[in-house]
Amino acid sequence: MEIQQLERRFQGCLVGLAVGDALGAPVEGLTREAIAAQFGRITSMISTGRPGLSPVDYTDDTAMMLCIAESLVERGEFDPEDVADRFLKWYQTNPLLLAGRTTIAALEALDSSVPWNRAGEVAHQRLGTSAGNGALMRCAPIALRYFRDERNLIKASADSALITHWDLQARWAAVALNLIIARLLLGRREGVLEEVIPKIMHPRV
């Protein structure tokens with residue numbers, strides 16, 4: 001595969017994530033019926049109606065994805081402590097972005113000096129669950145870094161999710177998505193799901 005083609009796929013993955021996030025931000029948390037009644041079919045960027053947010057503002061999903069991407073670039077490898085520190089610094093800026101309650105609970109734990117590998121568990125204990133999709137939304141940079149290194153991709157994906165989402169379902173959802181992204185980066189389409197599903201059926205992380 002040509003380097004230029006791979007670079008375009010990298011760019012498309014991250015830009016697509018940010019654009020999709022901004023497109024969906026105004027209707028986050030709404031039912032399909034409520035969206036249809038209030039907006040109809042959304043085909044362009046619209047305002048959230050929230051003070052300080054423009055139609056092109058993204059949410060915590062993209063902000064935290066950028067934290068992971070910037071850490072990977074600067075460190076060269078996935079460093080969960082550094083990523084957690086970047087999450088915390090972003091959180092401490094009191095952003096106007098939309099964040100889920102599990103993510104907020106974990107960031108509050110980090111802000112109280114709970115270590116990165118315990119913050120998600122603290123959030124889970126506080127809320128009674130942490131099986132949300134917040135960790136899934138931000139994990140793509142890990143697939144880009146380790147798309148030729150499945151072992152480290154799995155470990156980094158699970159650890160990235162663990163920072164905020166302790167539940168194994170959340171962690172292995174991030175693993176599954178990154179395994180799929182890695183295969184798509186290499187131009188593979190057929191049989192991807194059938195290949196990935198057995199790898200996450202018996203988690204050992």
Nearest 0.5 Å, please: how far is [atom2] in [Y] from [atom1] in [X]?
| X | Y | atom1 | atom2 | value |
| --- | --- | --- | --- | --- |
| S130 | H165 | OG | NE2 | 7.0 Å |
| D167 | H124 | CG | NE2 | 6.0 Å |
| I142 | M65 | CD1 | CE | 12.0 Å |
| R151 | K155 | CZ | NZ | 10.0 Å |
| I163 | L88 | CD1 | CG | 11.0 Å |
| L177 | C139 | CG | SG | 4.5 Å |

For [X] and [Y], which heavy atoms make the closest approach, and how far apart are they?
| X | Y | value |
| --- | --- | --- |
| I181 | C13 | CG2-SG, 4.3 Å |
| T164 | A123 | O-CB, 4.3 Å |
| L185 | F147 | CD1-CB, 3.8 Å |
| S71 | R86 | CB-NE, 3.4 Å |

Any side-chain heavy atom of [X] within less than 4.5 Å of one from [Y]?
| X | Y | value |
| --- | --- | --- |
| M64 | M137 | no |
| Q5 | F10 | no |
| I68 | S160 | yes |
| W166 | R118 | no |

Under 3.5 Å, side chain of [X] to main-chain N/O of [Y], donor-acceptor pair present?
| X | Y | value |
| --- | --- | --- |
| R126 | A109 | no |
| D21 | T62 | yes |
| S112 | V114 | no |
| D79 | D82 | yes |

For E150 and R183, what are the C-alpha separation, side-chain angles and deciding distance, and is it a side-chain contact (heavy atoms from CB on, under 4.5 Å)?
-> CA-CA 10 Å; E150 186 171 289; R183 284 155 175 76; 2.9 Å; yes

Going only through I, L, V, M, F, W and Y residues with side-chain contacts under 4.5 Å, is there a path from W90 to L72?
-> yes

For the hydrophobic clusters of this structure (ILVMFWY residues joined by side-chain heavy atoms under 4.5 Å, transitively), does one cluster hold both L110 and V122?
-> no

Yes or no on side-chain contact (heavy atoms from CB on, under 4.5 Å) for L179 and Y146, after CA distance, side-chain angles and deciding distance?
-> CA-CA 9 Å; L179 286 171; Y146 295 112; over 6 Å; no

Does CD belonging to E81 count more than 12 external heavy atoms closer than 6.0 Å?
-> no

Is the number of heavy atoms from other residues, nucleotides or ligands within 6.0 Å of CD (Q169) greater than 12?
-> no

